[in-house]
*Asks:* 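Got a structure for you, written out below as structure tokens; questions coming shortly.
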Protein chains: 2
Amino acid sequence: MTKSRQLLETVEAALKSAGHPPLSWYDALLELEKVGEEGIRPFELRQRLLLPQYGTSRLLDRMVTAGLVNRRDCEEDGRGQIVFISERGLAIRKAMWPEYSKVLTDGIGDKLTRAEAVQLAMLLSKL
Amino acid sequence: MTKSRQLLETVEAALKSAGHPPLSWYDALLELEKVGEEGIRPFELRQRLLLPQYGTSRLLDRMVTAGLVNRRDCEEDGRGQIVFISERGLAIRKAMWPEYSKVLTDGIGDKLTRAEAVQLAMLLSKL
DNA sequence: GCAATATAGATGCATCTGTATCTACATTGG
DNA sequence: CCAATGTAGATACAGATGCATCTATATTGC
């Protein structure tokens, strides 16, 4: 837990100092990129990101305000909406990757052999 | 990272619903318990817990307010102080353990064999 | 001895999170 | 059909976090 907290803080700091949004935005943008222009319901995004409901709501709010995500009404469900990534969102997601990747490499990649990394992933997936 | 976040959230929720303080208090109390009535300087505690400086300052503030920790001036360094755990702090730390332990057992202990757990600990320590 | 610099710890401000609750629409059972 | 209940999403309020900076004391180099 300590390790993952440290890693997270390092990634956040690296992203921020490069002028990028926080990590949670990256995860969300990645999911939104996967579903493409068809979009996704916020409650589905919530399930994929394992975030609390209010967290998802506010995260989307901020990303919409920043112009990285667009909303439209859901036709099948009057309570719902559909969110999808914008061009700008795609660009930002891509731009964030190098920083993210670099920290992960520095923090993990260089300290484990490939076999060890595979083993670690295997053990964690059991949890 | 997702796993550790989930685990943390589960532990926090369990502690809160049992009327206990958050997990960060547990970690701090445990360190304070280790050094006993001799106490410790906040900046040393900070290093052990890997917390930011302002985080340590405010965490101690809250714990002092709650009566779990006492402060006294440091004689060797006029800028400094020494903090140490109170009787109440000891009791609370002890009372928190069952909840904490239970969640860890449910979340990890039951899903890995002993050998796997050892291996996981080994790999994580390499990081 | 003292000016420059470093370190311990606190804190104002903006932002973020957690909790509880609210509104609006959907579904279900009689 | 409609009352009761359920679900999607937003939000007010309180508390926590991150950042930058402040005060006070300590250390260092001249």
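Note that the coordinates shown come from a computational prediction; the quantities given were computed from them, not determined experimentally. Per chain, numbering begins at 1; letters A, B, ... match sequence-line order.
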*Asks:* Using a heavy-atom cut-off of 4.0 Å across all strands, would you classify B/Gln81 as base, sugar-phosphate, or nothing?
*Replies:* sugar-phosphate
*Asks:* Would you indicate what B/Arg71 reaches in the nucleic acid, counting non-hydrogen atoms under 4.0 angstrom: base, sugar-phosphate, or nothing?
*Replies:* sugar-phosphate
*Asks:* Measure the distance from CD on B/Glu75 to C1' on C/dA8 and round it to the nearest whole Å.
*Replies:* 17 Å
*Asks:* When you match A/Pro52 and B/Gly80 each to their closest nucleotide on DNA chain C, which lands nearer the 5' end?
*Replies:* B/Gly80
*Asks:* So which heavy atom on B/Leu45 is nearest to which on B/Ala28, and how close?
*Replies:* CD1-O, 4.4 Å
*Asks:* What heavy-atom pair brings A/Phe84 and A/Gly39 nearest, and what distance separates the two atoms?
*Replies:* CB-CA, 3.7 Å
*Asks:* Among residues 22-43 of chain A, which ones have heavy-atom contacts with DNA chain C below 4.0 Å?
*Replies:* none
*Asks:* Please determine whether residues B/Leu50 and B/Tyr54 belong to a single hydrophobic cluster, defined as Ile, Leu, Val, Met, Phe, Trp and Tyr linked transitively by side-chain heavy-atom distances below 4.5 Å.
*Replies:* no
*Asks:* As a test of reading the structure: which of C/dG18, C/dG9, D/dT17 is closest to the side chain of B/Ser57, going by heavy atoms?
*Replies:* C/dG9
*Asks:* B/Glu76 has an atom CD; how far is it from atom P of C/dT7, in whole Å?
*Replies:* 19 Å
*Asks:* Describe the nucleic acid contact of A/Arg46 in one word from base, sugar-phosphate, nothing, applying a heavy-atom distance below 4.0 Å.
*Replies:* nothing
*Asks:* Ignoring hydrogens, what is the shortest heavy-atom contact between B/Asp106 and B/Lys111? Give both atom names and the distance.
*Replies:* O-NZ, 3.9 Å
*Asks:* Whole angstrom is fine here: how far is it from OH in B/Tyr54 over to P in C/dC16?
*Replies:* 13 Å
*Asks:* Closest nucleotide of DNA chain D for A/Asp77 versus for A/Glu9: which of these residues is on the 5' side?
*Replies:* A/Asp77
*Asks:* Would you kindly give the CD-to-P distance between B/Glu44 and C/dT7, to the nearest whole Å?
*Replies:* 15 Å
*Asks:* Both B/Gly78 and A/Ala13 contact DNA chain D. Taking the nearest nucleotide for each, which residue is further toward the 5' end?
*Replies:* A/Ala13
*Asks:* Rounded to whole angstrom units, what separation is found between the CG atom of B/Leu50 and the C1' atom of D/dG18?
*Replies:* 17 Å
*Asks:* What is the distance, rounded to the nearest whole Å, between atom CG of A/Leu60 and atom C1' of C/dC16?
*Replies:* 15 Å
*Asks:* Can you tell me if the side-chain N/O atoms of B/Arg62 get under 4.0 Å from OP1 or OP2 in D/dT17?
*Replies:* yes
*Asks:* Between B/Lys102 and B/Glu99 (salt bridge meaning N to carboxylate O under 4.0 Å), is one present in this structure?
*Replies:* no
*Asks:* Is B/Arg58 side chain donor-acceptor paired with the D/dG15 base, going by distance under 3.5 Å alone?
*Replies:* no
*Asks:* State, to 0.1 Å, how close B/Ser86 and B/Asn70 come at their nearest heavy-atom pair, and which atoms those are.
*Replies:* CB-ND2, 3.8 Å
*Asks:* At their closest point, which heavy atom of B/Glu12 faces which heavy atom of B/Leu23, and how far apart are they?
*Replies:* OE1-N, 3.1 Å
*Asks:* Within this structure, what is the CD-to-P distance between A/Glu12 and D/dG18, rounded to whole angstrom?
*Replies:* 9 Å
*Asks:* Tell me, yes or no, whether the heavy-atom count around A/Asp110 atom CG, taken from other residues, nucleotides or ligands under 6.0 Å, exceeds 12.
*Replies:* yes
*Asks:* Using a cutoff of under 3.5 Å, can you pull out all pairs of nitrogen or oxygen atoms linking the protein to nucleotides 1-6 of chain D, with atom names and distances?
*Replies:*
| from | atom 1 | to | atom 2 | distance (Å) |
| --- | --- | --- | --- | --- |
| D/dG6 | N2 | A/Arg79 | NH1 | 2.9 |

*Asks:* Applying the salt bridge (charged side-chain N to carboxylate O under 4.0 Å, His left out) criterion to A/Arg93, which one of A/Glu33, A/Glu87, A/Glu31 satisfies it?
*Replies:* A/Glu33
*Asks:* Between the base of D/dA8 and the side chain of A/Gln53, is there any donor-acceptor pair under 3.5 Å?
*Replies:* no
*Asks:* Quick check on A/Arg72: does its CZ atom have over 12 non-hydrogen neighbours (other residues, nucleotides or ligands) under 6.0 Å away?
*Replies:* yes
*Asks:* In whole angstrom, what separates B/Asp73's CG from D/dA26's C1'?
*Replies:* 16 Å
